[in-house]
2 protein chains.
Amino acid sequence: MLINELSKKTGISTHTIRFYEKSGLIEGKQDVSVKSNNYFHYDEVTIEKLEFISDAKSVGFTIKEIGQIIDAWYNRKYTKKQKNEILDEKLISLEQKMKEIKEMKKQLLQFKEDVMKDRC
Amino acid sequence: MLINELSKKTGISTHTIRFYEKSGLIEGKQDVSVKSNNYFHYDEVTIEKLEFISDAKSVGFTIKEIGQIIDAWYNRKYTKKQKNEILDEKLISLEQKMKEIKEMKKQLLQFKEDVMKDRC
DNA sequence: AACAACATTAGAGTATGCTCTATAGTTGAT
DNA sequence: ATCAACTATAGAGCATACTCTAATGTTGTT
């Protein structure tokens, strides 16, 4: 599929898709047999990747981190061991985020109590 | 205390402290009885606020959101009811973040399994 | 052939959250 | 009095992650 279809299927603008492509997160293929244009073609895996990018952004991963994860997932440039290391590292950072959110939740509940008891 | 002491006590640079002050997150007081300078003085509450700001940034709250929370906590400009609404809203967004992180964790564990079983 | 709707690239512009520089004045120890 | 170490303000610069504009070319329908 071409970029417009990809955009419609994922809800991500063509501008942003091109930005992600420049950033190395996704990769379209040009059809060498077609000489009249240099349109990029995208496959189903790209849709999966873009959906993953959206989710990964929500949890606070940077483009660079997302790139690492996608490479650990869909790339041949790492060994099995390296892929596992990258993924474990990201899992640890998720645990950390989780912990921080729990702490913040406690803090906000404390604020609520302070408000209720006119302590601030 | 003056800004330098505040900076040392919180580990936040004077530049960043001034940035937070401009952004309305904290507020120093000038001593009107001293006419030779216009130095700002900060109290213990400002330390608490700065510590809160650091924690709140880690969980992904924006400066604007942090401002709202600090106002709900330490400001007279909202009613009890409004304060509670703001805090509840932020608690809900924390729940959302938590959910997203759990999903992402599942996803990364799936990637690990895919790697292990040579499915990618 | 005309024309809307698509495609490409390069690069400018925007928002957020700092981070640093420049300039100028103040304080406190020697 | 001097001087290091502080203070303030204004504004420039930077990194991240888009977002948009401009210029130019292609495709497919009428």
Side-chain angles (χ1 to χ4, degrees), chain A residues 1-43 46 49-70 90 93 97 100, chain B residues 1-43 46 49-70 90 93 97 100:
Chain A
M1 81 196 84
L2 296 180
I3 196 162
N4 199 36
E5 193 180 342
L6 183 61
S7 171
K8 272 166 191 156
K9 279 190 177 159
T10 58
I12 297 171
S13 78
T14 57
H15 285 301
T16 301
I17 291 172
R18 290 209 173 96
F19 169 74
Y20 290 154
E21 184 147 21
K22 262 191 211 161
S23 308
L25 302 187
I26 59 160
E27 216 178 329
K29 275 171 202 155
Q30 284 174 325
D31 189 341
V32 287
S33 69
V34 175
K35 263 132 193 170
S36 62
N37 71 41
N38 49 350
Y39 291 5
F40 284 89
H41 295 262
Y42 303 92
D43 56 14
T46 306
K49 284 184 183 174
L50 286 174
E51 279 163 358
F52 175 76
I53 291 166
S54 296
D55 294 346
K57 276 182 355 87
S58 313
V59 304
F61 282 133
T62 63
I63 295 287
K64 200 176 161 186
E65 286 177 308
I66 296 170
Q68 291 178 323
I69 299 171
I70 288 179
K90 301 309 173 198
S93 91
K97 284 177 206 283
E100 286 165 352
Chain B
M1 80 195 86
L2 297 179
I3 197 162
N4 199 35
E5 193 181 342
L6 182 61
S7 171
K8 273 167 190 157
K9 279 188 178 162
T10 57
I12 296 171
S13 78
T14 57
H15 284 301
T16 301
I17 291 172
R18 289 206 174 97
F19 169 74
Y20 289 155
E21 184 147 22
K22 261 192 211 159
S23 308
L25 302 187
I26 60 160
E27 216 178 329
K29 276 171 202 156
Q30 284 174 324
D31 188 341
V32 287
S33 69
V34 176
K35 263 131 190 169
S36 61
N37 69 41
N38 50 350
Y39 292 4
F40 284 90
H41 295 261
Y42 302 91
D43 57 13
T46 307
K49 284 183 183 175
L50 286 174
E51 281 164 356
F52 175 76
I53 292 167
S54 296
D55 295 345
K57 276 184 350 91
S58 312
V59 305
F61 282 133
T62 63
I63 296 286
K64 199 176 161 187
E65 285 176 310
I66 296 170
Q68 290 178 324
I69 299 171
I70 288 178
K90 300 310 173 198
S93 89
K97 283 177 207 281
E100 286 165 352

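As the structure is a prediction and not an experimental result, all values here were calculated from the model. Lettering follows sequence order; numbering is per chain, from 1.
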**Request:** Report the C-alpha separation of A:D43 and A:T46 in whole Å, then their side-chain angles, then the decisive distance to 0.1 Å, and conclude whether the side chain to side chain donor-acceptor pair (under 3.5 Å) test is met.
**Result:** CA-CA 6 Å; A:D43 56 14; A:T46 306; 2.9 Å; yes

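Mapping A:N37 and A:K64 onto DNA chain D by nearest heavy atom places A:K64 at the nucleotide closer to the 5' end. Residue order along DNA chain C, read from the 5' end via each residue's closest nucleotide, puts B:F61 first among B:F61 and B:N38.
In this structure, B:Q30 contributes its side chain and B:N38 its backbone to a donor-acceptor pair below 3.5 Å.
Rounded to whole Å, atom C1' of D:dA17 lies 15 Å from atom CD1 of A:I17. Spacing between atom CD of B:E5 and atom P of C:dT27 amounts to 17 Å, rounded to whole angstrom units. If you measure from atom NZ of A:K35 to atom P of D:dT27, you get 14 Å, rounded to the nearest angstrom. Between B:N4 atom CG and D:dA4 atom P there is a gap of 17 Å when expressed in whole angstrom units. Across the protein-nucleic acid pair, B:I12 atom CD1 and C:dG17 atom P stand 15 Å apart, rounded to whole Å. The distance from atom CG of B:L2 to atom P of C:dG25 is 20 Å, rounded to the nearest whole Å. C:dT19 atom C1' lies 17 Å from atom CD of B:E21, rounded to whole Å. Distance, A:Y42 OH to C:dC6 C1': 13 Å, rounded to whole Å.
Within the nucleic acid shown, A:S23 has no heavy atom closer than 4.0 Å to any nucleic acid atom. B:T14 comes within 4.0 angstrom of no nucleic acid atom, judged by non-hydrogen atoms across all strands.
Shown here for A:G60 and A:E65, the closest heavy-atom pair between the two residues is O-OE1, 4.1 Å. The minimum heavy-atom distance linking A:S58 with A:S54 is given by the pair OG-O, 3.0 Å. A:L6 approaches A:Y42 most closely through the heavy-atom pair CD2-CG, 3.5 Å.
Under the 4.5 Å side-chain criterion, counting only non-hydrogen atoms from C-beta, A:F19 is in contact with A:I63.
When each of C:dG17, D:dT27, D:dC6 is scored by its nearest atom to the side-chain atoms of B:T62, the top-ranked nucleotide is C:dG17. Picking from D:dC6, D:dG25, D:dG11 the nucleotide with the shortest atom distance to the side chain of B:K22 gives D:dG11.
Under a cut-off of 6.0 angstrom, the local environment of CD in B:E21 is crowded, with over 12 non-hydrogen atoms contributed by other residues, nucleotides or ligands.
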Polar pairs (N or O, both sides) under 3.5 Å between protein and nucleotides 18-24 of chain D?
| from | atom 1 | to | atom 2 | distance (Å) |
| --- | --- | --- | --- | --- |
| D:dC18 | OP1 | A:Y20 | OH | 3.4 |
| D:dC18 | OP1 | A:K57 | NZ | 3.0 |
| D:dC18 | OP2 | A:Y20 | OH | 3.1 |
| D:dC20 | N4 | A:H15 | ND1 | 3.4 |

